[in-house]
Asks: 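Sharing a structure, written as structure tokens. Questions coming.
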Amino acid sequence: MKIEAIKGMSDVLPPESENWQTVEQLAREVFRTYDFQEIRTPIVEPTELFVRSVGETTDVVQKEMYTFKDRKGLSLTLRPEGTASVVRAYIQASLSSKDPIAKLYYFGPMYRYEQPQKGRKREFYQIGVELLGAETPLADAEVLMLLEQLFLKVGVTDTNLEINSLGCKNCRPDYIKAIQKFLKGKLNKFCDDCQKRSQKNPLRILDCKKEGCRKLTEDIPLVSDFWCVECHQHFREVRGLLLAGHVKFKENPRIVRGLDYYCRTTFEVLSDRLGAQNAVAAGGRYDGLVKDLGGPDVPGVGFAIGMERLMMLVSTNPEPRTPNPKPLIYFALLGSEAQQKAMSVIQELRAKGQSVGCAYGGSLKSQMRRADKLNASHVVILGENEVVKGIAIVKEMETGNQKEVLLGRLVEELS
RNA sequence: GUGGCUAUAGUGUAAUGGUCAGCACAAGAGGUUGUGGUCCUCUUUGUACGGGUUCGAAUCCCGUUAGCCACCCCA
């Protein structure tokens, strides 16, 4: 009976894990240049947090959360997204009273109980950014500029940024009413899903993929016609700033987000190399959220990048085979006496930062074969003969040259 | 939650219902005293799981699980 990872969850093995590290490192570098700082929050939170932030009627809350009771009967949930936790932490630590602006980023796993498919796992990693405390369009623009920079930095250049504004508390209700009015009388012509959407979240009808529904909504009223003066102004300024910052984007009045807390600016980064789940990053503004969760009335804007999806775009770049040897020194050891003699040398080299491997047994031939497989730059051969003479043989693998070195001089020779 | 496709060593793949499930790569051990890559020899590892049909099942049927793809939805 084999034990395997559960459905929708997978291991990131070497050498792929190295690629993850590289991307994460580049991301951290970008965050630093934008003066964002890392926040780490628990993976498990009270269920209530997500119900209240993401929204009771959303699919994420209704059917996708990993929710369970702890030993005292408290309802806990594995976080399905990052923003709620960050906002919770922001409120809990009273960050707003220490600094009116908080610029935070995170990196970690999220959990959603969904049917896995291309680019979608039940456990998936996100890189996220939250900028709290700034209502100005400049904040939206800065976050989007950061996002673009990050993609450029990791070498992904064939994605498209699409933006929209969902309006705010004041003007969105009018828009929803308009949609419902538009649907009246012809709802039965829409697909089953859209009929359900008209009740639950009428905005979603806008991004139905079915051709029939698409046709029917060709002349549906657009949000832009319902923006209040402030939303209009806000969105115009965001666009202006993006243009000034040379960020390429497309306006898409049909972008609708599935999480309730979004308002005003929303955006998605799309790729046609990802299959049906074509968004590699998405986000937007969430001005009422902090207050809704019991904090001060602080605005916010942020995004999350799907790490697995990003890696799909990154790793398809052809990587050149590098035959260059690694700076790895491999110790071929024959006999227990040789092993003993090698210990202090190995320890010293590693302490100096040198990467060192050693054979755990086998013939010299197999040890050499292994050194070659590991792509070691040098092999130190230490057998019974060498121990007697108080020396070791140092072989440079690329040239095949080798020389005898006194044991006492080994560290010096190799570092 | 729904639908379609799939499941044979670590990986990629063969095998009309009928010998011991074959091949390649990978991995490991050797190739006259203790020296890597090429080459040669040998070795390890497999029909996802559970039922059924049959004289006989990798092969046909049912169920389960997992993977892939899509819907819903989302990063």
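Chain naming here is simple, since letters A, B, ... match the order of the sequence lines and numbering starts at 1 in each. These values consider heavy atoms only, across backbone and side chains, with no hydrogens, waters or symmetry-generated copies.
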Asks: Send over the distance from A/Leu161 CG to B/rA75 C1', rounded to a whole Å.
Replies: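 A/Leu161 atom CG is separated from B/rA75 atom C1' by 15 Å.
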Asks: Any carboxylate oxygen within less than 4.0 angstrom of a Lys/Arg side-chain nitrogen, looking at A/Arg122 and A/Glu114?
Replies: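 No, no charged N to carboxylate O under 4.0 Å.
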Asks: Quote, to the nearest angstrom, the P distance that separates B/rC20 from B/rU41.
Replies: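 The same atom, P, in both gives a distance of 27 Å.
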Asks: Of the listed nucleotides (B/rA75, B/rG36, B/rG34), which one gets closest to any side-chain atom of A/Ala279?
Replies: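 From the listed options, B/rA75 comes nearest.
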Asks: Looking at A/Arg257, does any N or O in its side chain come under 4.0 Å of the phosphate oxygens OP1/OP2 on B/rA75?
Replies: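 Answer is yes, contact under 4.0 Å.
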Asks: Ring of A/Tyr330, cation from A/Lys326 - is the NZ or CZ under 6.0 Å from the centre and inside 45° of the axis?
Replies: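 Not satisfied by the 6.0 Å and 45° rule.
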Asks: Name the atoms and distances for all side-chain donor-acceptor pairs under 3.5 Å in residues 343-364 of chain A, with sequence neighbours left out.
Replies:
unit_1	atom_1	unit_2	atom_2	d
A/Arg350	NE	A/Val356	O	3.3
A/Arg350	NH2	A/Val356	O	2.7
A/Ser363	OG	A/Ser366	N	3.2
A/Ser363	OG	A/Ser366	OG	3.3

Asks: Listed by chain and number, what are the ring-ring contact (aromatic ring centres under 6.0 Å, His included) partners of A/Phe249, not counting sequence neighbours?
Replies: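 With neighbours one apart ignored, the set is empty.
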Asks: Salt bridge between A/Arg257 and A/Glu268, side-chain N to carboxylate O under 4.0 Å?
Replies: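 A salt bridge is present here (some side-chain N lies under 4.0 Å from a carboxylate O).
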Asks: If I take atom NZ in residue A/Lys389 and atom P in nucleotide B/rG34, what distance separates them, rounded to the nearest angstrom?
Replies: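 Between P of B/rG34 and NZ of A/Lys389: 15 Å.
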Asks: Report, as a single string ordered 5' to 3', how protein heavy atoms within less than 4.0 Å touch nucleotides 24-31 of chain B: B base, S sugar-phosphate only, - not at all.
Replies: ---SSSBB
Asks: Do NZ/NE/NH1/NH2 and the carboxylate oxygens of A/Glu45 and A/Arg79 come within less than 4.0 Å?
Replies: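 Salt bridge flag = no for A/Arg79 with A/Glu45.
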Asks: Verify the distance criterion only: is there a donor paired with an acceptor across the side chains of A/Gln180 and A/Ser198 at less than 3.5 Å?
Replies: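 No, A/Ser198 and A/Gln180 have no side-chain donor paired with an acceptor closer than 3.5 Å.
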Asks: Verify whether one side chain among A/Arg120 and A/Gln117 offers a donor that lies under 3.5 Å from an acceptor in the other.
Replies: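 A/Gln117 and A/Arg120 do have a side-chain donor-acceptor pair below 3.5 Å.
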Asks: Where does the angle between the aromatic ring planes of A/Phe107 and A/Tyr125 fall among parallel (under 30°), tilted (30 to 60°) and perpendicular (over 60°)?
Replies: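 The rings of A/Phe107 and A/Tyr125 sit tilted, inter-plane angle from 30° to 60°.
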Asks: Mapping A/Asn385 and A/Gly8 to their closest nucleotides on RNA chain B, which lands nearer the 5' end?
Replies: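 Counting from the 5' end, the first nearest nucleotide belongs to A/Asn385.
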Asks: Would you measure the distance from the C1' atom in B/rU6 across to the matching atom in B/rA26 and give it in whole Å?
Replies: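 One C1' to the other, the span is 24 Å.
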Asks: Using the test salt bridge (charged side-chain N to carboxylate O under 4.0 Å, His left out), find all partners of A/Glu38 that sit at least two apart in sequence or belong to another chain.
Replies: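 A/Arg28, A/Arg40.
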Asks: Using whole Å, report how far CD of A/Gln117 lies from P of B/rG67.
Replies: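 Spelled out: CD on A/Gln117 to P on B/rG67 is 13 Å.
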Asks: Dot-bracket for RNA chain B, please. Rules: Watson-Crick or G-U, both distances under 3.5 Å, ( ) within the strand, [ ] when a pair crosses earlier ones, | for another strand, . otherwise.
Replies: (((((((..((((....[...)))).(((((.......)))))....(((((..]....))))))))))))....
Asks: How many whole angstroms separate atom CD of A/Glu64 from atom C1' of B/rC73?
Replies: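 Distance check: A/Glu64 CD to B/rC73 C1' gives 5 Å.
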Asks: Could you tell me how far B/rG63 sits from B/rC68 if I compare only their P atoms? Round to whole Å.
Replies: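 One P to the other, the span is 22 Å.
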Asks: For A/Arg254, run the side-chain contact (heavy atoms from CB on, under 4.5 Å) check against A/Asn164, A/Leu203, A/Ile205, A/Thr217 and tell me which one passes.
Replies: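 Result for side-chain contact (heavy atoms from CB on, under 4.5 Å) with A/Arg254: A/Thr217.
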Asks: Reckon A/Gly335 touches a base, only the sugar-phosphate, or nothing at all at heavy-atom distances under 4.0 Å?
Replies: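 No contact at all - A/Gly335 keeps every heavy atom at 4.0 Å or more from the nucleic acid.
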Asks: Can you name the atoms? Protein N/O to nucleotides 44-49 of chain B N/O, anything below 3.5 Å, with the distance.
Replies:
none

Asks: Kindly give the atom pairs (protein nitrogen or oxygen, nucleotide nitrogen or oxygen) under 3.5 Å for nucleotides 3-6 of chain B.
Replies:
none

Asks: In terms of the angle between their ring planes, are A/Tyr261 and A/Tyr286 parallel, tilted or perpendicular, with boundaries placed at 30° and 60°?
Replies: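 Perpendicular: the ring planes of A/Tyr261 and A/Tyr286 meet at over 60°.
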Asks: Expressed in whole Å, how much space separates the C1' atoms belonging to B/rU45 and B/rA21?
Replies: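 Those two atoms are separated by 14 Å.
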Asks: Could you tell me whether A/Glu29 and A/Lys153 have a side-chain N and a carboxylate O separated by less than 4.0 Å?
Replies: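 So A/Glu29 does not pair with A/Lys153 through a salt bridge.
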Asks: For atom P, what is the distance between B/rC49 and B/rC39, given to the nearest Å?
Replies: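 Pairwise P distance, B/rC49 against B/rC39, rounds to 35 Å.
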Asks: Any ion pair linking A/Glu404 and A/Lys389 (charged N to carboxylate O, less than 4.0 Å)?
Replies: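 A salt bridge is present here (some side-chain N lies under 4.0 Å from a carboxylate O).
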Asks: If I take atom CD in residue A/Glu398 and atom P in nucleotide B/rG37, what distance separates them, rounded to the nearest angstrom?
Replies: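 From A/Glu398 CD to B/rG37 P: 16 Å.
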Asks: Report the residues that fulfil salt bridge (charged side-chain N to carboxylate O under 4.0 Å, His left out) with A/Arg239, sequence neighbours left out, ordered by chain and then residue number.
Replies: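 Testing A/Arg239 for salt bridge (charged side-chain N to carboxylate O under 4.0 Å, His left out), a comparison that skips the adjacent residues, returns A/Glu251.
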Asks: Are a donor atom and an acceptor atom from the side chains of A/Thr399 and A/Glu396 found within less than 3.5 Å of each other?
Replies: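 The criterion, which ignores hydrogens and geometry beyond distance, is satisfied for A/Glu396 and A/Thr399.
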Asks: Find the distance A/Ile3:CD1 to B/rA66:P and express it as a whole number of Å.
Replies: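 Between P of B/rA66 and CD1 of A/Ile3: 15 Å.
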Asks: Is the distance from the ring center of A/Tyr105 to that of A/Phe36 below 6.0 Å?
Replies: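 Between A/Phe36 and A/Tyr105, which both carry aromatic rings, the centre distance is not below 6.0 Å.
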Asks: As a test of understanding, state which of A/Val154, A/Leu150, A/Val129 forms a side-chain contact (heavy atoms from CB on, under 4.5 Å) with A/Ile305.
Replies: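 In the set A/Val154, A/Leu150, A/Val129, the residue that makes a side-chain contact (heavy atoms from CB on, under 4.5 Å) with A/Ile305 is A/Leu150.
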Asks: Run the salt bridge (charged side-chain N to carboxylate O under 4.0 Å, His left out) test against A/Lys403 and tell me which residues pass, sequence neighbours left out.
Replies: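 Checked A/Lys403 against salt bridge (charged side-chain N to carboxylate O under 4.0 Å, His left out); matches are A/Glu413.
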Asks: Please report the distance, rounded to the nearest Å, between CH2 in A/Trp20 and P in B/rA75.
Replies: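 Taking CH2 of A/Trp20 and P of B/rA75, I get 17 Å after rounding.
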Asks: From CZ of A/Arg197 over to C1' of B/rC72, roughly how many Å is that when rounded to an integer?
Replies: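 From A/Arg197 CZ to B/rC72 C1': 7 Å.
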Asks: I need the residues from residues 120-132 of chain A with at least one non-hydrogen atom less than 4.0 Å from RNA chain B; give them sorted by number, or say none.
Replies: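 Result for residues 120-132 of chain A: A/Arg120, A/Lys121, A/Phe124, A/Gln126, sorted by number.
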Asks: Side chain of A/Lys118 only, please: which of B/rA75, B/rU35, B/rC69 is the nearest?
Replies: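 Taking heavy atoms from C-beta onward, the closest nucleotide is B/rC69.
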Asks: Quantified in whole Å, what is the C1' atom distance between nucleotide B/rA14 and nucleotide B/rG30?
Replies: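 B/rA14 and B/rG30 have their C1' atoms separated by 30 Å.
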Asks: Would you say the side chains of A/Glu16 and A/Asn19 form a donor-acceptor pair under 3.5 Å?
Replies: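 Short answer, yes.
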Asks: Verify the distance criterion only: is there a donor paired with an acceptor across the side chains of A/Thr58 and A/Asp260 at less than 3.5 Å?
Replies: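 Checked: A/Thr58/A/Asp260 side chains show no N/O donor-acceptor pair below 3.5 Å.
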Asks: Going from CG on A/Leu289 to CD1 on A/Ile91, what distance comes out if it is rounded to the nearest 0.5 angstrom?
Replies: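 Interatomic distance, A/Leu289 CG to A/Ile91 CD1, rounded to 0.5 Å: 7.5 Å.
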Asks: List in numerical order all residues of residues 52-62 of chain A for which some heavy atom is under 4.0 Å away from an atom belonging to RNA chain B.
Replies: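 Those residues whose heavy atoms fall under 4.0 Å from RNA chain B, taken from residues 52-62 of chain A in numerical order, are A/Asp59.
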Asks: Does any N or O donor sit under 3.5 Å from an N or O acceptor when you compare the side chain of A/Glu386 with the base of B/rG34?
Replies: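 Such a pair exists between side chain and base.
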Asks: Pull out every residue in residues 400-415 of chain A that has a heavy atom closer than 4.0 Å to any atom of RNA chain B, ordered by number, or say none.
Replies: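 Here the set is A/Gly400, A/Gln402.
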Asks: Tell me whether A/Arg204 is salt-bridged to A/Asp193, with the criterion being a basic N under 4.0 Å from an acidic carboxylate O.
Replies: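 Looking at A/Asp193 together with A/Arg204, the answer is no, because their closest N to O distance does not fall below 4.0 Å.
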